[in-house]
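Inspection log for the structure reproduced underneath, given as structure tokens.
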Amino acid sequence: MSKLNSRVYGVAGIKSKMSNWNADFNGMPKSISTGEVFGSDKAFKYPIKKMWQNEGDKILYVKSLKMDDTKKNEVKIRPRSLKERYEQIFDVQDLKKEKDMKQILRNLFTAEDVKNFGATFAEEGNNISITGAVQITQGFNKYDGHYVEEQQILSPFRNPKDDTNKDTGEAEEKDQSTLGTKIVSNEAHYLYGFAINPSVYKDFEDMGVTDGYTEQDYDKFKNGVLVAATAYNTNAKVGCENEFALFAETENDLYLPDLANYVTFEKSEKGEKDVIVLTELTELLSGVQDSIEKISIYYNPITTVLRDIPDKAVLYNIFTKEQIDGEQKK
């Protein structure tokens, strides 16, 4: 496996229509104090990790469940601890008895999520921190027409718990089905920035615990950026899809800011198609063209148009992965 020899800077776009891409603890779309709606980097990574897991890759940082017998001879289902998850996926009997730090590091670097996003492995006697080659920003909604919809949902079941009658003080069972609420965004368009620094694992390479960040690792991350949100169809996430992705592969000594800050979203005047505006991004990249090796842009040409495409950019259909020819660009 050959190492990735380029830095990569990019932007990933997630469309959410009548869905909730990233809810807070109250069920509302996550927002900051100014009211701006955003999605966390964790919300972005999670569908990618689930996709890798479904493809058979080792994934350490994902919730997994186990059944335990209690002292009362009851069976409880609970999430695994980090120690238990490590022991499960690396077939280790007892992590506490593992004294070979080098072997632990080797194991960690075989997990695809660790290889991309890094790890904080805080276990007794084995405290390890790995800064990930892939760093992802918070993804802010760029659509100013966003608002929240609350839908009342009727459960098919009544609540079996007793209520106390205020007049008689006697217990009464509820006769009606329970109500729930589903909270969604009418429409939101989240843009995340990301950067890949393949040289970040140099010290670990020198230790002999990893081959470094490879072309294969990059291809897996790239595929996740293109399809993971679309593929992850839970009740809350159905209606969320990958709608845009830009990958700028550069020389290793080029340092760029968060590219998502230079991309905006708007509706066309006739409202027929969405418009992703790359004007500021193109202006930024025009000054460093000699250090840019390749720019790949993926989007849905049926629903979206791009404005002010950077030089060197090759366009692709985000769903079919087929290159978009000159006629379609127009």
Item to check | Interatomic distance, Leu108 atom CG to Lys58 atom NZ [nearest 0.5 angstrom] | outcome: 12.0 Å
Item to check | side chain to side chain contact (heavy atoms under 4.5 Å, CB included), paired with Pro29, selected from Ile183, Asn141, Asn22 | outcome: Ile183
Checklist entry - Taking atom OG1 of Thr137 and atom CG of Asp258, what is their separation to the nearest 0.5 Å? => result 4.5 Å
Checklist entry - Looking only at heavy atoms, what is the nearest atom pair of Asn20 and Gly27, with distance? => result ND2-O, 3.0 Å
Checklist entry - Atom CD of Gln53 and atom CD of Glu112: how far apart are they, to the nearest 0.5 Å? => result 12.5 Å
Checklist entry - Ring centroid separation for Phe244 and Tyr190, is it under 6.0 angstrom? => result no
Checklist entry - Is it true that Phe44 and Phe194 have ring centroids separated by less than 6.0 Å? => result no
Next on the checklist: Quick check on the 6.0 Å ring-centre criterion: do Phe117 and Trp52 meet it?
Outcome noted: yes
Next on the checklist: Walk me through whether Glu293 and Ser6 qualify under side chain to side chain donor-acceptor pair (under 3.5 Å).
Outcome noted: CA-CA 8 Å; Glu293 298 167 358; Ser6 304; 2.6 Å; yes
Checklist entry - Can you find a side-chain donor-acceptor pair between Glu243 and His189 that sits under 3.5 Å? => result yes
Checklist entry - Stepwise, does the side chain to side chain donor-acceptor pair (under 3.5 Å) test hold for Thr214 with Asp217? => result CA-CA 5 Å; Thr214 67; Asp217 295 321; 3.0 Å; yes
Checklist entry - Would Glu98 and Tyr86 satisfy side chain to side chain donor-acceptor pair (under 3.5 Å), going step by step from the backbone distance to the final call? => result CA-CA 12 Å; Glu98 179 61 72; Tyr86 177 94; 5.7 Å; no
Checklist entry - Atom CE of Met51 and atom OH of Tyr232: how far apart are they, to the nearest 0.5 Å? => result 13.5 Å
Item to check | Distance-only side-chain donor-acceptor flag, Gln103 / Asn107, under 3.5 Å | outcome: yes
Checklist entry - With distance as the sole criterion, is a donor-acceptor pair present between the side chains of Asn242 and Thr230 under 3.5 Å? => result yes
Checklist outcome for this item: When rounded to the nearest 0.5 Å, the distance separating CG of Asp144 from NZ of Lys267 is 10.5 Å
Next on the checklist: Once you measure the plane-to-plane angle for Tyr298 and Tyr316, does it fall in the parallel (<30°), tilted (30-60°) or perpendicular (>60°) bin?
Outcome noted: parallel
All N/O donor-acceptor pairs, side-chain side in residues 199-210, below 3.5 Å, sequence neighbours left out:
unit_1 : atom_1 : unit_2 : atom_2 : d
Ser199 : OG     : Asn197 : OD1    : 2.7
Tyr201 : OH     : Lys115 : O      : 2.5
Tyr201 : OH     : Ala133 : N      : 2.9
Lys202 : NZ     : Asp206 : OD2    : 3.3
Glu205 : OE1    : Lys3   : NZ     : 3.0
Glu205 : OE2    : Lys3   : NZ     : 3.3
Thr210 : OG1    : Gly212 : N      : 3.0

